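Chain letters run A, B, ... following the sequence lines, proteins first, then strands; residues in each count from 1. Note that this is a predicted model, so its numbers are computed, not measured.
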Amino acid sequence: MLRMSTLFLRTLRDDPADAEVASHRLLVRGGYVRRAAPGGFTWLPLGWIVYRNVERVVREEMDAAGFQEVHFPALLPREPYEATGRWTEYGDTLFRLTDRRHNDFLLAPTHEEMFTLLVKDLYSSYRDLPLVIYQIQTKYRDEARPRAGLLRGREFVMKDSYSFDVDDEGLQRSYDRHRAAYVRTFDRLGLPYVIVSAMSGAMGGSASEEFLATLDAGEDTFVRCTSCSFAANVEAVEVPAPEPQPVADAPDAVVADTPDTPTIANLVDFLNAHDHLRRPDRDWVAADTLKNVVFTLRHPDGTTEPLAVGVPGDRDVDLRRLEAQVAPAVPEAFGEADFAAHPQLAKGYIGPEALGIGSTTGIRYLVDPRVVTGTRWVTGANIAGHHVVGLVAGRDFTPDGTIEAADVRAGDACPACGSALELARGIEIGHIFQLGRKYAEALGLTVLDADGHQVTVTMGSYGIGVSRAVAAIAEATHDESGLCWPREIAPADVHLVVAAKAGGPQTAAAERLAAALDDAGVRVLFDDREGLSVGVKFKDAELLGVPTIVVAGRGVTDDAASSTVEVKDRRTGERVDVPLVEVVEHLRAVCAH
RNA sequence: CGGGAUGUGGCGCAGCCUGGUAGCGCACCUGCUUUGGGAGCAGGGGGUCGGGAGUUCGAAUCUCCCCAUCCCGACCA
């Protein structure tokens, strides 16, 4: 039983000024957490109970799936991270430190290397696999910008599991087991979520999926279909290509003098303002134009290569989508020096005829999937102040391929069913993906197969943000009055309030009731504080968010047999008067579901 | 890392422009009253005014540098 008269708790009447999102505000106001460092929080007694409940659910589901828990140091030497290249690759996000002998150490941002080395240390036969081990540990990342309280800190708790298999089929099975365990976990935690594919089909559709809690406070944008179940990370959306059209009946393309039209907007205005260029059937719109943007790709080996991307003129190139497509190469904007090195490219008037392998520039040219054979475009003529009208894809130019780089918008067609997509916000609470052999190769994790050959182990990596999930649940379940925990992770089942002055029959009755509930296995948060007005107690009960609130007030008299208490559902606000003699049984039933 | 804002008791804020040794509400302590929706009265404790340097007889206030926090963006296995 938790007694509020002695509980280490102080609730705040005002919102803390530095808290923006609801979960941060309410967790601080309710005395669940306290900021202790930039991006770091202290868990107070109520918060720690909630945190441990979340951790328990995660652990129970991992154990039920047959996975085994291990625990690593957070303080790690440099060497393993050097071997995989991450000592440098991780950049400023890695917390680095030095010991007294000037050896380099780091605070683990994640433990791939340690898991891999641990298995290498102990196992060497295919007979030992498959294996899944996991950890629930504090991770450290020197985030450029910690924010939103627990949702994005520099120190946070993650559950990370790793699977080890000899072949791809085994990896797929390990992946599927995790997916099922995650579904059970997040269902129990009471979080609204979607599973989105986090990588494009080109990389293998099921290789990576994210579990996103669907919250407006989330920092990830994803798309979902307004009529079917399709949902995907923006990076993973594949634009449905229209049917190719015949090219034979299209009129020849003509070069038009279009002075001072380096942008799509003033090009469209110019076309509509001149009779000889106007469309007979309707006005020109931005979607009739083809915009060609050139980037420099920097490959991991240090070499660079220009890449031209063609998208319909009403859309921009989405850098994040482009990055996902060209990874591990990194795209950079085409600078003045780059234009100087390619004089065939007229800035603002770049056209397909100067692009593509075999063209004058030889620059690789990839277009949006909407640019199919037979579509007609207004696009650059590669001469300053000139555009081509009616250039036909597949007849007048042939790109080197397609690329998913155009931005995705609400209302775009769903790749699965063709209905309208909508954009929504979410926060990543879980991520499962098939790592493959990257770490096993770098660190030499091999086993002998049945034929006595050395084979490199293939791995999967599966994370859940445990501390983040606490905030996500708070975010998903709160209302205007305060927090509103799902019973499974609430700090108590029942918040018992004495609403009367000290010394009255209510106090004695409530004491007996609290003890009886305790004996019955109902978790009680007992507001036995004296000298407070009832308003304060009611407000605190609503702020703290225990799912059932019981009030011992004016229904309680000296005659226990005829006394009643009020039982209120925190979420629905629904209240019923229950005879005091029946209330333990009543609450036991309420708390059972 | 770029843009903006803010740092004053535990929390929320005023004071700064126009320098004179710090104030309000909440919370906390004592007493009395009050008790079904963040009580009333009276008394009280608590602050290196983010840090450093400077100007000045005198700095929360003016100047310079630094630090931190928050918001937007960039970044985010």
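Nucleotides rU18(B) and rU63(B) have their P atoms positioned 10 Å apart, rounded to a whole Å. Taking the P atoms as reference points, rG25(B) lies 30 Å from rC71(B), given to the whole Å. Remark: the separation of the P atoms in rC66(B) and rA74(B) is 27 Å, to the nearest Å. As rounded to the nearest Å, rC49(B) and rG31(B) have C1' atoms that lie 33 Å from one another. Of the P atoms belonging to rC17(B) and rG12(B), the separation is 25 Å, rounded to the nearest Å. Comparing rC28(B) with rG73(B), their C1' atoms are spaced 42 Å from each other, to the whole Å. For the C1' atom pair drawn from rG37(B) and rC29(B), the interatomic distance equals 26 Å after rounding to whole Å. For rA42(B) and rU48(B), the P atoms lie 29 Å apart once the distance is rounded to whole Å.
Note: OH (Y32(A)) to C1' (rC11(B)) measures 19 Å, nearest angstrom. The distance from atom CZ of R152(A) to atom P of rU69(B) is 15 Å, rounded to the nearest whole Å. With rounding to whole Å, R529(A) atom CZ is found 14 Å from rC28(B) atom C1'. If you take CG of N233(A) and C1' of rC76(B), they are 13 Å apart, rounded to a whole angstrom. As rounded to whole Å, 16 Å separates atom P of rC70(B) from atom CZ of R25(A). As a whole-Å value, the separation of F115(A) CZ from rA77(B) P is 18 Å. The CE atom of M459(A) sits 12 Å away from the C1' atom of rA77(B) (whole-angstrom rounding). At whole-Å resolution of the value, CG in L76(A) and C1' in rA77(B) are 15 Å apart.
By the 4.5 Å heavy-atom criterion applied to side chains, K120(A) and T116(A) are not counted as neighbours. Considering only heavy atoms from C-beta on, L129(A) stays 4.5 Å or farther from D165(A) through its side chain. Side-chain contact between K159(A) and Y462(A): present, with at least one pair of heavy atoms (C-beta onward) separated by less than 4.5 Å.
Here R35(A) lies in heavy-atom contact (under 4.0 Å) with sugar-phosphate atoms only.
Every residue was checked against the side-chain hydrogen bond (donor to acceptor under 3.5 Å, both in side chains) condition with D577(A), not counting sequence neighbours, and none meets it. Partners of R437(A) by side-chain contact (heavy atoms from CB on, under 4.5 Å), not counting sequence neighbours, listed by chain and number: D168(A), E441(A), T456(A), T458(A). Under the side-chain contact (heavy atoms from CB on, under 4.5 Å) criterion, P192(A) pairs with T214(A), A476(A), not counting sequence neighbours. Taking the ring-ring contact (aromatic ring centres under 6.0 Å, His included) definition, one finds that F164(A) meets it with nothing, sequence neighbours left out.
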Please enumerate all protein N or O atoms sitting under 3.5 Å from an N or O of nucleotides 12-14 of chain B, with distances to 0.1 Å.
unit_1	atom_1	unit_2	atom_2	d
rG12(B)	OP1	A17(A)	N	2.8

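Partner assigned to rC32(B) is rG40(B), using Watson-Crick or G-U wobble distances below 3.5 angstrom. In this entry rC11(B) has rG25(B) as its Watson-Crick or G-U wobble partner, both defining distances falling under 3.5 Å. Taking a pair to require two hydrogen-bonding distances under 3.5 Å in either a Watson-Crick or a G-U wobble arrangement, rG2(B) pairs with rC72(B).
Comparing R34(A) and H24(A) against RNA chain B, the residue whose closest nucleotide sits nearer the 5' end is R34(A).
Side-chain polar atoms of S23(A) and H478(A) form no donor-acceptor pair below 3.5 angstrom.
For W48(A) and F8(A), the ring centers sit 6.0 Å or farther from each other.
Ring orientation note: the planes of F115(A) and H111(A) are nearly perpendicular, at an angle over 60° on the 30°/60° scale.
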Counting primed atoms plus P, OP1 and OP2 as sugar-phosphate and everything else as base, spell out the protein contacts along nucleotides 34-44 of chain B at 4.0 Å heavy-atom distance: B, S or - for each nucleotide, 5' to 3'.
-BBBBS-----
